[in-house]
Chemist: 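Here's a structure for you.
The first residue in the sequence is number 1, and the count goes up from there.
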Amino acid sequence: MFWFWIFFFYSLAGYGLEKLYALVTHARHRVRKCFLLLPLCPVYGLAMAAVLYLAGDTESFWQLALYGGILCTAVEYAVHFLYEKCLGVLFWDYSGTYLDLNRRICFPFAVAWGLLSALAVRYVQPRLVPVIDAIPPGISLAALLLLTADSFFTVRLLRRSGNIDLLGLKNLWQELHRV
């Protein structure tokens with residue numbers, strides 16, 4: 001269950017970063033998550049799992065930032081592609097950003113992901129491992145079941161509506177009462 005908790009924790013941290021970014025930039029989409037109930041952004045969890053698995057033992061901070069930037073950006077591209085092709089939604093669009101590629105990735109965020117992932121590997125991960133090790137199996141199973149159920153309902157909602165703003169319960173409630 002170690003990798004599940006890595007995914008979960010970094011997806012939750014990514015949600016926090018997205019909320020902060022939305023606040024600072026006055027973003028149009030304020031929901032800033034990818035699940036109906038859980039405050040998670042899975043692209044962060046998947047990206048950090050890739051970094052930890054493939055480059056987590058890299059000694060040099062700058063090499064880790066380089067590898068992290070490349071890996072996170074590759075995961076970001078793949079996740080965006082899958083969201084668009086499988087669910088018909090776009091959670092982000094870098095078309096107005098410097099050096100974007102197919103609206104899915106861009107150079108400034110690749111640099112940011114590299115630095116953030118290196119910082120996470122160096123300073124967050126050593127503190128996170130003992131916390132993960134202390135989580136009882138029953139809690140892990142319950143969290144996995146909750147994530148699975150939420151994933152099912154989220155995919156269903158997105159495929160039917162194509163509206164990422166409905167992932168906010170307030171927005172979903174208002175939409176249901178309009179019909």
Chemist: Is there side-chain contact between Leu101 and Tyr77, with at least one heavy-atom pair below 4.5 Å?
Modeler: yes

Chemist: How close do Val43 and Glu76 get, heavy atom to heavy atom, and via which atoms?
Modeler: CG2-CA, 3.8 Å

Chemist: Quick check on the hydrophobic clustering: are Leu54 and Val124 connected, directly or via other members, by side-chain heavy-atom contacts under 4.5 Å?
Modeler: yes

Chemist: Is any side-chain heavy atom of Gln125 less than 4.5 Å from a side-chain heavy atom of Leu52?
Modeler: yes

Chemist: Any side-chain heavy atom of Phe35 within less than 4.5 Å of one from Ser11?
Modeler: no

Chemist: So, Thr97 side chain and Asp100 main chain: donor-acceptor pair closer than 3.5 Å or not?
Modeler: no

Chemist: Going through the distances and angles, do Arg103 and Leu90 end up as a side chain to side chain contact (heavy atoms under 4.5 Å, CB included)?
Modeler: CA-CA 10 Å; Arg103 306 178 312 183; Leu90 298 176; 3.6 Å; yes

Chemist: Which atom names give the shortest non-hydrogen contact between Leu64 and Ala55, and what distance separates them?
Modeler: CD1-O, 3.3 Å

Chemist: Parallel, tilted or perpendicular, judged at 30° and 60°: which one describes the rings of Phe109 and Trp113?
Modeler: tilted

Chemist: Can you tell me if Phe2 has over 12 outside heavy atoms packed within less than 6.0 Å of its CZ?
Modeler: yes

Chemist: Provide the full list of salt bridge (charged side-chain N to carboxylate O under 4.0 Å, His left out) pairs with a residue in residues 145-161, sequence neighbours left out, each pair given once.
Modeler: none

Chemist: Does the gap between the ring centers of Tyr10 and Tyr44 come in under 6.0 Å?
Modeler: no

Chemist: Count I, L, V, M, F, W, Y as connected when their side-chain heavy atoms are under 4.5 Å apart, and connections chain through other members. Are Val89 and Val79 then in the same cluster?
Modeler: yes

Chemist: Of all heavy-atom pairs between Asn163 and Asp165, which one has the smallest distance, and what is that distance?
Modeler: OD1-N, 2.9 Å

Chemist: Could you tell me the separation between the CD1 atom of Ile132 and the CZ atom of Phe8, rounded to the nearest 0.5 Å?
Modeler: 11.5 Å

Chemist: Would you indicate whether the side-chain heavy atoms of Tyr98 and Cys106 approach each other to under 4.5 Å?
Modeler: no

Chemist: Any side-chain heavy-atom pair from Leu172 and Leu157 closer than 4.5 angstrom?
Modeler: yes

Chemist: Show your working on side chain to side chain contact (heavy atoms under 4.5 Å, CB included) between Trp5 and Ile139 and close with a plain yes or no.
Modeler: CA-CA 11 Å; Trp5 285 113; Ile139 299 293; 4.3 Å; yes

Chemist: Which atom names give the shortest non-hydrogen contact between Pro39 and Tyr15, and what distance separates them?
Modeler: O-CB, 3.3 Å

Chemist: Side-chain heavy atoms nearer than 4.5 Å, only ILVMFWY residues, links allowed to pass through others: does that put Ile6 and Tyr67 together?
Modeler: no

Chemist: Restricting to non-hydrogen atoms, name the atom on Cys34 and the atom on Thr154 that form the minimum distance, rounded to 0.1 Å.
Modeler: O-CG2, 3.3 Å

Chemist: Please determine whether the number of non-hydrogen atoms from other residues, nucleotides or ligands lying under 6.0 Å from atom CZ of Phe61 exceeds 12.
Modeler: yes

Chemist: Taking CH2 in Trp173 as the centre, count heavy atoms belonging to other residues, nucleotides or ligands within less than 6.0 Å. Is the count above 12?
Modeler: no

Chemist: Let me confirm one number: the CG-CG distance from Leu128 to Asp133, rounded to the nearest 0.5 Å.
Modeler: 9.5 Å

Chemist: Treating Ile, Leu, Val, Met, Phe, Trp and Tyr as nodes and any side-chain heavy-atom pair under 4.5 angstrom as an edge, say whether Leu12 and Leu119 lie in one connected cluster.
Modeler: no

Chemist: Within this structure, what is the CZ-CD1 distance for the pair Phe4 and Ile135, rounded to the nearest 0.5 Å?
Modeler: 8.5 Å

Chemist: Heavy atoms, side chains only, cut-off 4.5 Å: are Tyr83 and Ile164 in contact?
Modeler: no

Chemist: Go through the steps for Leu167 and Leu37 under the test side chain to side chain contact (heavy atoms under 4.5 Å, CB included), then give the verdict.
Modeler: CA-CA 8 Å; Leu167 294 178; Leu37 299 174; over 6 Å; no

Chemist: Just how far is it from atom OG of Ser151 to atom CG of Leu38, taken to the nearest 0.5 Å?
Modeler: 8.0 Å

Chemist: Step by step, would you call Leu40 with Leu147 a side chain to side chain contact (heavy atoms under 4.5 Å, CB included)?
Modeler: CA-CA 10 Å; Leu40 302 175; Leu147 180 64; 3.8 Å; yes

Chemist: Among Phe91, Tyr94, Trp92, find the residue that satisfies the ring pair (Phe, Tyr, Trp, His ring centres under 6.0 Å) test when tested with His80.
Modeler: Trp92

Chemist: Mark yes or no for whether Asn102, through its side chain, and Arg104, through its backbone, hold a donor-acceptor pair below 3.5 Å.
Modeler: no

Chemist: Give a yes or no on whether Leu166 and Leu169 share a hydrophobic cluster (residues Ile, Leu, Val, Met, Phe, Trp, Tyr; joining criterion: side-chain heavy atoms under 4.5 Å apart).
Modeler: yes

Chemist: Identify the two heavy atoms, one from Cys72 and one from Ser117, that lie closest to each other, and give their separation to 0.1 Å.
Modeler: SG-CB, 4.0 Å

Chemist: Is any side-chain heavy atom of Val121 closer than 4.5 Å to one of Met48?
Modeler: yes

